[in-house]
Each structure stands twice: as C-alpha cells, then as structure tokens.
Number of protein chains: 4
Amino acid sequence: MTQLHGVVPPVCTPLTPERELDVPSLERLAAFLIEAGMHGLFVTGSTGEVAYLPDETRYRALEVVAGVAAGQVPVLAGIIDTTTPRVIEHAKASKAAGADALVATAPFYAPTHPVEFPGHFRAIRAAVDLPLVAYDIPVSVGHKLPTDVVLELAEDGTFAALKDSSGDLDGLRAVLERTEHLVCFSGSETLADLGLFIGAHGLVPGIGNVDPHGYLRLYEAAMRGDWAAAKTEQSRLRRLFEIIYVGDARGMGRYSSAIGAFKEGLVARGVITGGTTSEPMIPLNDTERAAVRSHLADAGLL
Amino acid sequence: MTQLHGVVPPVCTPLTPERELDVPSLERLAAFLIEAGMHGLFVTGSTGEVAYLPDETRYRALEVVAGVAAGQVPVLAGIIDTTTPRVIEHAKASKAAGADALVATAPFYAPTHPVEFPGHFRAIRAAVDLPLVAYDIPVSVGHKLPTDVVLELAEDGTFAALKDSSGDLDGLRAVLERTEHLVCFSGSETLADLGLFIGAHGLVPGIGNVDPHGYLRLYEAAMRGDWAAAKTEQSRLRRLFEIIYVGDARGMGRYSSAIGAFKEGLVARGVITGGTTSEPMIPLNDTERAAVRSHLADAGLL
Amino acid sequence: MTQLHGVVPPVCTPLTPERELDVPSLERLAAFLIEAGMHGLFVTGSTGEVAYLPDETRYRALEVVAGVAAGQVPVLAGIIDTTTPRVIEHAKASKAAGADALVATAPFYAPTHPVEFPGHFRAIRAAVDLPLVAYDIPVSVGHKLPTDVVLELAEDGTFAALKDSSGDLDGLRAVLERTEHLVCFSGSETLADLGLFIGAHGLVPGIGNVDPHGYLRLYEAAMRGDWAAAKTEQSRLRRLFEIIYVGDARGMGRYSSAIGAFKEGLVARGVITGGTTSEPMIPLNDTERAAVRSHLADAGLL
Amino acid sequence: MTQLHGVVPPVCTPLTPERELDVPSLERLAAFLIEAGMHGLFVTGSTGEVAYLPDETRYRALEVVAGVAAGQVPVLAGIIDTTTPRVIEHAKASKAAGADALVATAPFYAPTHPVEFPGHFRAIRAAVDLPLVAYDIPVSVGHKLPTDVVLELAEDGTFAALKDSSGDLDGLRAVLERTEHLVCFSGSETLADLGLFIGAHGLVPGIGNVDPHGYLRLYEAAMRGDWAAAKTEQSRLRRLFEIIYVGDARGMGRYSSAIGAFKEGLVARGVITGGTTSEPMIPLNDTERAAVRSHLADAGLL
C-alpha cells in the first residue's frame with residue numbers, strides 16, 4: 001500500500017439545515033482538500049460525525065468523496081461499529097461505495113478483552129479484501145490497542161496502517177521502533193510535529209479540513225528534516241486549533257464545540273454552505289461563530 | 001405503563017453454529033421465560049448480544065419474541081447505538097417489529113457531555129410513540145446518567161422507566177426518593193435484593209435466563225416484605241452467578257465467559273440447542289462447559 | 001477482638017482558629033459520642049483530617065480520645081501513610097498513644113501492585129502487636145483491596161477487621177460470605193442499612209459525629225431484624241447527610257464541604273467550639289453555615 | 001533561580017541489607033552524578049523512594065547529598081506528603097538539611113479540588129523561603145495540575161519551576177507557550193527529546209542515575225539544535241530503559257521492578273554497594289538482576 005502516507009484529513013460531513021447530507025458542499029470540500037495537496041481523504045471518521053450518521057448517509061458520503069477523488073488520492077472509510085459482525089457489514093458496504101482502505105477500531109460498548117482483539121481484526125480483514133487501518137482511539141472505545149497486538153497484526157499482514165489517536169507518543173514510538181510493516185499516522189492536531197519527529201508517516205488532523213495547507217507545510221518541513229520550520233507551523237496551527245474551545249463557556253460537550261467550529265470554519269472559508277451538526281450536538285450561537293471567524297482571521301485564513 | 005414491573009430478563013439470543021439466529025431456540029426460550037412467570041421480556045439488551053448483532057438479526061429476534069409473547073407480557077427492545085439519529089432508526093424498526101417499550105442508553109463512542117443527554121432522549125421519545133426506558137450502563141457508555149437528568153426526564157414524561165446497571169445503589173436510591181414518576185429496575189444479578197429493598201420495582205437479571213424461577217421467588221419475597229427469604233434466595237443465586245467466571249483461568253473477556261455460560265446453562269437445561277456466541281467472543285471449551293453444568297447441578301437446576 | 005462491632009464513628013478533630021488541636025473540644029466530642037452509646041471511636045481517620053494533621057497532632061488527638069475513653073470503648077487509630085516503613089512508624093507511635101487497634105490502607109502515591117499488599121500488611125501486623133483493621137478506600141489510595149487478598153489476610157490472622165469504604169457492596173458481600181474470621185464495617189453513611197442487611201457487623205459513619213443517636217437506632221433496628229425501621233432511620237439520615245453539599249454552589253472540593261459541615265454541625269449542637277478545618281480546605285461561609293444549621297433543624301437535632 | 005536547568009536526575013537512595021540509609025553509597029552516587037556533569041540533583045523524589053522513607057531517612061539523605069554537592073550544583077528536595085500542613089513540615093526540615101529548592105505535588109489521599117491547589121502551594125511558598133518546583137504527577141496524586149493553575153502560580157512567583165511527569169506533552173507545550181516565568185523539566189525517560197523539542201529547559205530522568213552521560217549527550221544535542229543526534233541518543237536510552245520491565249514476568253509492581261533495576265544497574269556499574277529496596281517492594285531475583293546487567297552491557301555501560 002505504497003500510497004498511504006502524508007496528510008489525510010478526516011473529512012467533515014456537511015449537512016443541510018434538515019440534517020440531510022449536503023452533497024454539493026461535500027463535493028466542494030473534497031475538491032478543496034485534494035487541490036490543497038492532501039495525500040488521501042478519510043471519510044466517516046470521528047470528525048466526519050460517523051457515530052451520528054445513519055448507515056445510508058455514511059455510504060452516500062463515501063460515494064460522493066470517492067467520486068470526486070476519482071483515483072487521484074486514496075479514500076479511507078471509517079467502519080465504526082460496536083463489534084465484529086456489525087463492522088464487517090460496514091466493511092462490505094464501504095468497499096461497494098468506493099473505499100480504497102478501511103479504518104476499524106477495537107470493539108466498544110460490549111466489554112471486550114484485548115485477547116479478543118486479534119480475532120476481531122482478522123475476521124474483518126478476511127471478510128473484505130482491502131487494506132485495513134487500525135484505529136487506536138481509547139477516548140472513544142475505552143481501551144488502548146496494546147503494542148503487542150498492533151505488532152502481531154502488522155507482522156501477519158492484518159494491518160496495513162495505524163491511525164494513532166491515543167495521545168500516547170511513547171506507545172506510538174514503540175510501534176515505530178519494532179516494525180517496518182506498518183504505515184503510522186498521528187491523529188493529533190497539536191503534536192503533529194512530534195509524531196513526525198518520532199517517525200510517523202502521516203497525519204490525520206481534524207482541523208486539516210479548515211487549514212489543509214498548514215498541515216501540508218508542516219508535513220513537508222518534517223520530511224526534509226527542517227524541524228524548526230515544522231515547529232513554527234505547528235505553533236500557528238495550535239493557536240488556530242483553539243477554535244474547538246469556543247463553546248466551553250456554555251459548557252457544551254467537546255464534540256459540539258469542535259465539530260461545530262470546524263464546520264463554521266469551512267463556511268467562513270466559503271467551502272461549504274452551512275455549519276449544521278448532528279443531534280444531539282448543541283449548535284454554536286452567533287457569538288461562538290464570530291469567535292471561530294476571529295481565530296481564522298488571526299491565522300490568515302480569511 | 002402500569003404493566004412495567006417485576007422480573008424482566010434480558011433475553012439471550014440463541015445462534016446456530018453458523019452464527020445465524022436460531023429461531024426455534026429463541027421461541028423455546030421466550031416460552032420458557034413466560035411460563036416461568038416473568039413479567040416482561042427485554043430483547044436485544046447487552047445479555048442479548050445486541051452490540052454484536054447486525055440490524056436484521058436484532059429486529060428478527062424481536063419479532064420472534066413478540067410473536068411468542070403475543071401480548072401476555074410486555075416486550076422491551078434495546079435500541080442500542082452510538083447517538084441520536086442511529087438510535088431513532090432502531091426505535092422505528094423496533095416498533096415495527098413489535099416492541100412495547102424501548103430501552104436507550106446515553107450516547108457513546110462520540111464524547112458527549114451530560115448537557116446533551118436531555119436532547120438525545122427527548123428526540124428519541126418524540127420520534128417514536130412508545131414508552132422509553134433509560135438504560136444507565138456506565139461500563140459500556142463511559143458515563144453515568146446524572147441523577148438530575150434522570151429526574152428531569154422522568155418529570156416531563158420522557159422516561160417511563162429506568163434500568164439501572166450502574167452498580168450505584170446510592171444514586172438509584174436518590175432517584176427513588178425524589179420521583180414517583182419512574183418505574184425503576186435494578187440490572188444487578190447479585191444485589192437484586194438490595195435494589196428491591198431500597199424500592200426498585202423490578203429486576204433485569206441476565207442469569208434470569210437460566211433460573212427465572214429463582215428471581216421470581218426473590219422478587220415475590222421482597223414484595224411481601226420477607227427480607228430473610230429474599231436474602232436466602234439471593235445467596236443461592238449469587239453462587240449460581242459464579243458461572244460467569246468459568247473462563248477466567250484462560251484470561252478471556254468478561255462477556256465471552258458470561259454470555260457463553262448463560263447460553264451453556266440454557267443448553268444444559270434443554271431450552272436452547274447450542275451455545276454459540278458472536279464474534280469475537282471466545283467460545284467456552286469442554287472444561288468450562290462442564291464447570292457451568294456443575295454449577296447448575298449445585299443450584300438444583302439439572 | 002470480640003468488642004469490635006457496632007457504630008464506631010470516625011472522630012472529627014476540632015481545631016482552634018490558629019489550626020492547633022482544640023483539646024477541650026475533642027474531649028467534649030469523645031464524651032458526647034461515648035454517652036450516645038457508640039461502640040468504639042476511630043481517631044485519625046479520613047473524617048478526622050488525618051491526611052492534614054502533622055504527626056504530633058495525630059498522636060496528641062489519639063491520646064486525648066484514649067484518655068476520655070479510658071477503656072469504656074475501644075479506640076481505633078488510623079495509621080495512614082504512603083508505604084510500609086512510614087505506616088509502621090505511625091503504628092508504633094499510635095500504640096504508645098493508647099490505641100486499641102490500628103487501621104491501615106493499602107500503599108498509595110507509590111504505584112503499588114496488589115501482589116505487594118500482603119507483604120505490606122503482614123509487616124505492619126508483625127511490627128506492632130495490636131489488632132489490625134484493613135481500610136479499603138479506593139477513592140483515596142487508587143485501588144481496591146482485592147477480595148482474595150482480604151480473605152487470605154483474614155484467614156492467616158493478619159486482619160482482625162475490615163472497614164469498607166469502597167462503595168462496592170458486591171465485594172463486601174463476597175467477603176462476608178467467604179470468611180467468618182473478619183469483623184466487617186461499612187463506611188457508608190447513606191447505605192448503612194444495606195451494609196448491615198448483607199451481614200456487616202458495624203458502621204463507621206462520618207456524620208455519626210453529628211447524629212450518633214440516629215446511627216445507633218439504625219444499627220439496633222438492623223440487629224433485631226426490623227428492616228423497615230432501619231430503612232426509615234436511614235432515610236432520615238440520608239436527608240441529613242445532604243449537609244455535605246452545602247459548598248457545591250461555590251465549587252469547593254468534597255472534603256472542604258463535608259468536613260466543614262460536620263464540624264459546623266458539632267458547633268451548632270454545642271459539642272465543639274469552632275468549625276476551623278485544615279489547610280488547604282476552604283472554610284464555609286455564613287450562608288453555608290446557615291444551611292448546615294437548617295438541615296440539622298429539619299433533622300430534629302437543634 | 002538562574003541555575004535551575006539541564007539534567008537533574010532524581011537520585012536513588014541506596015539502602016543497606018537492613019534497609020538503613022547506605023551513606024557511603026549515596027556519597028559515591030552523588031559524586032558520580034556530579035562528575036558526569038549533571039546540572040542539579042533531585043533528592044527524595046519518586047525514584048528516591050520518598051514514599052517509602054521515614055522522615056529521618058529523608059532528611060539524612062538530603063544532608064548527605066547536599067554535603068557532596070557543596071554548592072557545585074543545586075540540590076532539590078522532594079517534600080512529598082498528603083496535604084499542606086504536612087508538606088510544610090517537610091519544607092522546613094528540608095531547608096535545614098541543605099535543600100536549594102523544594103519540589104511539591106498537589107495534595108493526595110484527601111480528595112482535593114483544583115480550586116484548593118493555589119492555596120496549598122502558596123502556603124508552602126510562604127512558609128519557607130526557597131524556590132518552589134511544582135511536581136505534576138497524576139499517576140501518584142490522582143489529578144493533573146490544570147494549566148491555568150500552573151500559569152497563575154508561575155505569574156505570581158509561587159512556582160519557580162515545573163517538573164512534568166504527567167506524560168501530557170500537549171499540556172506542557174501549552175504552559176511553555178504561555179509563560180516565560182517558569183523553568184520546565186520533563187520527567188520522561190523515553191520522550192526526553194520531545195520535551196526539549198517543545199522547549200523544556202531540562203530533564204529529570206530516573207534512569208539518569210545509571211546513565212547520566214547519555215542524558216547529558218541528549219540534552220546537549222538538543223541545546224545545539226541537533227535533533228537527529230538527540231533522537232539517536234534517545235533511541236539508545238529507550239532500549240536501556242527496558243530494564244524496568246525485568247520483573248514483569250513475575251507480575252510484580254512497576255516500582256519494584258523499576259527501582260530494583262535502577263539500583264542493580266548502579267551496583268553493576270560499581271557506584272553503590274547493594275540493590276536493596278524498601279518494603280513492600282519485591283526484590284529482584286538472580287535472573288532479573290542478570291537481565292539488568294545484560295541490558296547495561298548492550299548499552300555499553302559495563
């Protein structure tokens with residue numbers, strides 16, 4: 001899977017005011033990201049509100065993005081569900097909808113033991129012949145993928161890649177040190193430079209929807225070993241990332257604020273039409289939307 | 001919803017060796033539980049492997065149980081999914097499949113703030129006109145339903161009932177003290193007597209699949225205030241419940257061991273045909289199955 | 001240790017406005033509790049601000065209480081410190097200061113594995129010849145005492161008793177079912193009736209400082225099997241216990257509010273002179289102190 | 001406090017077989033570290049078994065190290081205890097014993113709210129006139145120091161420095177971005193290069209006892225911006241750090257294995273006489289000690 005690398009943003013899912021998929025906006029967003037030089041697109045990830053989207057919306061979003069990508073860059077599909085049989089259903093439907101690779105987490109909701117993880121991922125890999133990306137996201141699933149499990153499944157060909165959203169750079173570093181058979185992505189927006197410094201091959205930054213060029217600069221600086229430039233770009237992006245806190249004063253949840261801010265940022269930049277988010281997320285109010293725009297202006301994006 | 005009360009076991013979902021729904025076994029199980037005097041049946045709960053079942057299997061299981069129940073006892077359906085839009089889809093399909101009431105958890109996977117919970121549950125209640133049961137299960141969803149939220153949604157009619165699987169008897173007691181508009185069920189197998197002692201109206205014991213008569217005796221003793229008898233029955237059931245640990249020596253997960261043991265117990269009692277569990281659960285081996293039967297024999301069930 | 005049983009409140013440690021030990025107040029408090037029929041006194045427990053008291057204050061408080069008790073009831077001393085060598089120092093000093101039994105937790109601060117717990121407790125027991133009470137308080141030490149460890153150390157005579165402040169009634173029940181060599185105390189103020197219902201031999205309620213007669217009534221009702229009376233008394237005490245939340249509106253910590261409320265309650269009842277708490281706890285303000293008194297009036301204590 | 005910076009290892013506390021302070025070994029260790037170019041010495045930290053040492057042993061160890069240092073490098077003293085009044089006692093005694101700076105954590109054992117943290121640290125700073133270092137170690141105290149609290153106490157002069165053992169590089173980066181009034185140390189052995197990359201001023205690596213020259217090379221490479229060299233040295237030190245896992249096969253605790261390995265490494269290098277650790281830590285066996293030596297040989301240290 002030589003083409004998996006680089007900046008692969010988790011694509012936002014634009015919705016109409018009635019919370020239907022906004023196809024023209026999604027087409028514009030996919031085109032915007034490809035033109036910005038993104039190395040791949042990750043559809044129906046956490047940033048794409050996968051946990052909120054009915055199945056048909058998930059697959060339709062994937063079709064739309066795959067249509068725009070048209071083979072220019074690989075399209076990864078999140079196949080996020082509680083356990084193996086349900087994940088396999090998403091895997092099959094996602095392949096049919098045009099996915100080039102599949103992104104799966106460990107089981108969740110059902111208390112699951114790490115000893116069951118290999119069976120879970122191997123069954124998915126066996127069911128659908130597409131590269132499988134391990135999605136390590138303990139904040140959502142409640143447990144971290146153990147390094148041993150990741151290495152075992154990298155060595156036997158189950159995993160083609162790893163998207164690390166665990167925040168555990170020590171664990172990611174251990175994986176990078178111990179295998180050459182795994183393409184590793186950092187899911188961090190704010191420590192992306194550190195992920196690349198320790199050897200990660202790419203980034204999956206949610207706010208890359210809003211500022212893909214910034215993450216491309218960061219990635220390219222890192223690839224040429226210019227760590228000072230990477231760090232400077234990261235500092236700028238860290239300030240921009242503070243848009244996710246616009247809703248804190250009202251005490252709304254993390255996703256309400258962050259997903260709302262990403263979408264409002266895309267509206268502000270003229271990429272998508274509206275910033276509607278899924279239920280039960282709380283919509284940003286006028287003050288919060290203005291704060292997002294102010295951050296974008298400070299970052300030179302408006 | 002006067003008929004919601006009493007012992008309402010979360011019905012196991014028998015599977016064929018190929019992991020398809022075993023309809024004849026499920027019919028026998030539903031009939032066995034109704035004949036044993038259960039006051040309701042809870043389909044597609046955690047014990048029913050809801051997190052492992054594809055949608056069609058969920059709804060088919062519900063249809064089968066509703067068909068056997070035929071109005072003799074209410075059938076509750078777990079509508080377990082990550083967030084509001086996906087849960088509402090299950091709510092609609094479950095109503096169509098014959099559910100008398102719906103059981104929903106707080107959102108999971110997507111980090112959600114308690115401030116978003118009321119909107120979540122109200123949207124579900126508004127979408128489908130069936131009594132809604134709040135399912136408080138922090139071990140699966142990652143956060144406890146705050147007492148204030150439960151009370152608010154009881155008072156405004158969103159919640160008809162609460163299934164408390166939080167293990168927090170102090171919190172359940174606070175709810176029972178502060179509202180008369182909520183039917184409260186304890187989800188504990190091992191502290192069921194304590195739940196009833198503090199005023200809960202019913203029980204949802206997973207191992208009630210295997211020994212419904214025991215939980216009925218416990219419930220009836222509690223209802224007549226014979227706490228010594230309730231405690232004695234509970235002690236017997238606590239020993240039986242140790243079947244969930246048969247897999248511990250092999251280090252398998254909690255569900256693999258517990259669900260496997262419940263199903264093997266039903267096989268041993270001649271109710272269902274086979275003990276197959278969903279992927280990625282690890283099947284019990286011969287030693288473990290023998291241990292389950294030994295526990296049942298000790299409990300006088302064979 | 002036949003005399004360990006019944007209601008054994010964790011005695012508050014009255015302080016002067018300069019945060020010195022208020023000896024006359026402590027003498028009055030000890031006398032008040034003994035006259036109220038308490039079966040023992042637990043000095044330098046969590047409620048006694050043990051974690052805030054310098055060593056000399058700890059031992060002086062113990063001497064004062066032991067002097068008042070004068071053998072009428074056993075005096076238990078909390079020997080709370082991070083690991084074995086430090087705990088043993090407290091054990092020796094506490095015996096010298098008049099303790100009849102010692103109360104020790106698992107190690108804390110230093111990450112410790114359960115496999116090290118037996119060595120910890122056995123070394124303490126070997127160092128000082130007094131009955132040893134296991135203090136299971138995961139909220140403070142970060143891990144629960146495993147049932148197997150408690151049973152092993154009960155059977156070999158290391159533990160004479162257990163004070164369970166874990167909130168895990170299921171675990172306490174398992175201990176009670178499996179050994180007859182351990183006197184078990186529930187540390188819960190709000191589920192004390194449940195602790196006695198499952199077989200616990202006594203209670204260690206912090207708010208027992210303020211209303212010892214209430215907990216005595218609860219205990220005696222339980223001992224004679226009058227569960228309805230026990231439950232009624234518990235309900236009254238649950239309402240009283242809400243004094244611990246008086247500081248919530250200001251967002252102070254749990255201890256600031258609870259310890260402040262217990263002490264203010266004792267001031268209101270005329271037992272101690274002032275409600276000063278240790279640094280860095282935040283003192284109650286006038287509104288909060290009035291709220292405490294209002295709760296006491298409602299409970300019939302003023 | 002201009003001299004606080006660079007590599008400041010948390011000095012091990014050598015013990016005799018009878019678990020008394022081994023003064024000659026400690027003198028040799030302090031001299032070894034100073035000769036290796038360490039920029040300071042941190043006595044009675046977690047690696048120094050502070051949580052296991054009686055008060056007199058703590059202060060004697062500090063005196064010994066301060067005596068060897070004799071003003072050549074600053075000596076920091078951990079004043080680790082549960083809450084303010086007890087910490088202040090250690091602060092006074094540590095100043096008397098020769099400390100140049102004091103290192104204090106947030107309160108532990110007593111459930112404490114972040115709103116109480118400023119009062120805690122300000123009272124310590126006010127009680128003893130020495131630079132105060134905030135020790136952020138959530139694994140031991142149960143909560144992370146909030147960024148806002150750290151910044152507030154840096155700005156008002158309460159904190160001179162921060163030792164970050166939280167593993168949260170994102171939080172450390174936020175502190176570094178927002179204040180210039182704080183000397184920041186990373187407590188990580190395995191991500192020390194990343195800490196310096198984001199701007200930290202120094203390191204406090206436990207295994208720096210065993211290989212101070214390695215951490216000095218890493219630090220100096222980072223200071224001259226040679227990130228490739230820093231990373232190479234870090235990789236070597238990561239392999240060496242695996243000595244902390246020698247006890248894993250026996251299932252002992254983290255500290256038993258890590259502290260035992262550090263001490264055995266110092267024995268192997270001829271610096272201290274014996275590897276005895278405090279109770280209740282489990283001593284390394286012959287196999288485990290041989291494994292430590294094998295790691296040191298691989299790292300070129302024998």
Side-chain angles (χ1 to χ4, degrees), chain C residues 15 19 46-47 49-58 80-90 105-124 127 137-143 247-248 250-259 278-282, chain D residues 15 19 46-47 49-58 80-90 105-124 127 137-143 247-248 250-259 278-282:
Chain C
L15 301 177
R19 297 201 171 90
S46 300
T47 300
E49 298 172 60
V50 64
Y52 300 85
L53 302 180
D55 287 356
E56 307 83 75
T57 312
R58 291 186 182 195
I80 309 302
D81 216 312
T82 44
T83 65
T84 319
R86 295 181 64 84
V87 174
I88 287 175
E89 295 219 331
H90 293 297
T105 70
F108 54 93
Y109 186 85
T112 305
H113 192 280
V115 78
E116 298 169 5
F117 295 172
H120 171 70
F121 289 112
R122 284 184 183 129
I124 298 166
I137 185 164
V139 71
S140 287
V141 306
H143 31 64
D248 276 17
R250 275 205 291 160
M252 66 176 64
R254 176 188 302 179
Y255 262 38
S256 291
S257 183
I259 304 297
S278 301
E279 287 190 296
M281 285 191 272
I282 293 173
Chain D
L15 301 177
R19 295 199 171 92
S46 300
T47 299
E49 298 172 59
V50 63
Y52 300 85
L53 302 180
D55 286 356
E56 307 85 74
T57 311
R58 292 186 182 196
I80 309 302
D81 218 311
T82 45
T83 65
T84 319
R86 295 182 63 84
V87 174
I88 288 175
E89 295 221 330
H90 293 297
T105 70
F108 53 93
Y109 187 85
T112 305
H113 192 281
V115 78
E116 298 169 5
F117 294 172
H120 170 69
F121 289 112
R122 284 183 182 131
I124 299 166
I137 184 164
V139 70
S140 287
V141 307
H143 32 64
D248 276 17
R250 275 206 289 162
M252 67 177 64
R254 177 189 300 179
Y255 262 38
S256 291
S257 183
I259 305 298
S278 301
E279 286 191 297
M281 285 192 270
I282 293 174

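Order of the sequence lines sets the chain letters (A, B, ...), proteins ahead of strands, with each chain counted from 1.
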As an exercise: rank D:Gly119, D:Ser140, D:Ser256 by heavy-atom pairs under 4.5 Å with chain C and give me the winner. D:Ser140
D:Ala51: partners by side chain to side chain contact (heavy atoms under 4.5 Å, CB included), with sequence neighbours left out: C:Thr82, C:Thr83, C:Tyr109, C:Ala110
For C:Arg19, is the CZ atom crowded, meaning more than 12 foreign heavy atoms sit under 6.0 Å from it? yes
Heavy-atom distance under 4.5 Å to chain C: side chain of [X], backbone, both or neither?
X        : result
D:Leu53  : backbone
D:Pro107 : side chain
D:Asp55  : both
D:Thr57  : neither

For C:Val115 versus D:Gly251, what's the shortest heavy-atom pair and its separation? CG1-O, 3.6 Å
Heavy-atom closest contact (C:Val141 atom, C:Ala106 atom, distance): CG1-O, 3.9 Å
Taking only residues two or more places apart in sequence, or in another chain, which ones meet D:Tyr52 in a ring-ring contact (aromatic ring centres under 6.0 Å, His included)? none
May I ask you to name which of C:Ser46, C:Pro111, C:Pro114 has the most heavy-atom pairs under 4.5 Å with chain D? C:Pro111
Find the one option among C:His113, C:Arg86, C:Arg250 whose heavy-atom pairs under 4.5 Å with chain D are most numerous. C:Arg86
Residue from D:Glu116, D:His120, D:Glu89, D:Arg122 passing side-chain hydrogen bond (donor to acceptor under 3.5 Å, both in side chains) with D:Thr84: D:His120
